[in-house]
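All ligand and atom numbering here is 1-based and tracks the order in the structure. The basis for the numbers below is simple: all heavy atoms, side chains too, and nothing from hydrogens, waters or symmetry mates.
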Amino acid sequence: SCDLMIPVYTMQYKICVKRKLTQILFTSVIMKKKYKELTMRLLVVEDEQSLREDITKKLQHSGYEVDACGDGETASEYLAVEYYDLVLLDLNLPKIDGMTLLRNFRKENQETPVLILSARSEINDKVEGLDSGANDYLSKPFHLAELEARIRSLTRRQFIQRDVCLQCGKITYDTKSRIATVDGVAINLTRKETGVLEYLMLHQGRPVSQEELIEHVWDSSVDSFSNSIRVHISALRKKLRAVLGYDPIRNRIGEGYEIEGESK
Ligand code: CA
């Protein structure tokens, strides 16, 4: 006779295997979920190769999943097929320029935050960028640490710049006309005060340091001294307090200034 070597599994063995499999499966689902929650997917569109590689390396090192490309056409192909949590976009790009790419992207996608990285630091470019649907603007050259701070703030807020009016409590700021209003009444601000208010309102939710204000609001050649900044901020606060009844600008010791919509 031939004894076939058929393995005999007892019911208990089967249950044990099933439990083990369920455990493995369950753990992997949880891990996958956690991994998904933790990993943000970013697209870097930058034609300057060394900068693109530096940004990519740094962000990958920080745990982001990063796709990168060097022209607008490739970028639009990426955007058509992949979901990104954030797009870092240079403006001067071969094939399709950044602004056109952004406008086209916003027609399809209103949610993904876009951070413009550009050497063009003129306010008109910033406004045009924001007008076209960018969420923030970082002028080159920048520190990678600053870039990361912006990314964190943007992915946290996920706010959408649907129009060019910024809002903070009762203050409305029109980035096109560069006029701030409270209850529809314009506040009479100088050019510097306007610049400070605009920058603070663009970066709500985090303190802005004096160094950052010097870099972004002040003309680099003239009166870039912290004393002068203090004078302008103090004047701005006085004017805001007069119309709001409270001072919306907070001093964050060691960090800088932050604008808030609510009185304390
Ligand atoms: Ca470029």
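For the atom pair CD1 (Ile233) and CG (Leu200), the distance works out to 6.5 Å, reported to the nearest 0.5 Å. Atom-to-atom distance recorded for Leu88:CG and Ile116:CD1 is 11.0 Å, nearest 0.5 angstrom.
At a threshold of 3.0 Å, the Ca ion (ligand 1) has no backbone or side-chain N, O or S atom of Glu46 nearer than that distance.
Atom CD of Glu82 has more than 12 heavy atoms from other residues, nucleotides or ligands within 6.0 Å.
If you look at Asp47 and ask which of its N, O or S atoms sits nearest the Ca ion (ligand 1), the answer is OD1.
Vertex the Ca ion (ligand 1), arms ending at O of Asn92 and OD2 of Asp90: the angle is 80° after rounding to 10 degrees.
Within the 4.5 Å cutoff, no side-chain heavy atoms of Val243 are placed close to those of Asp183.
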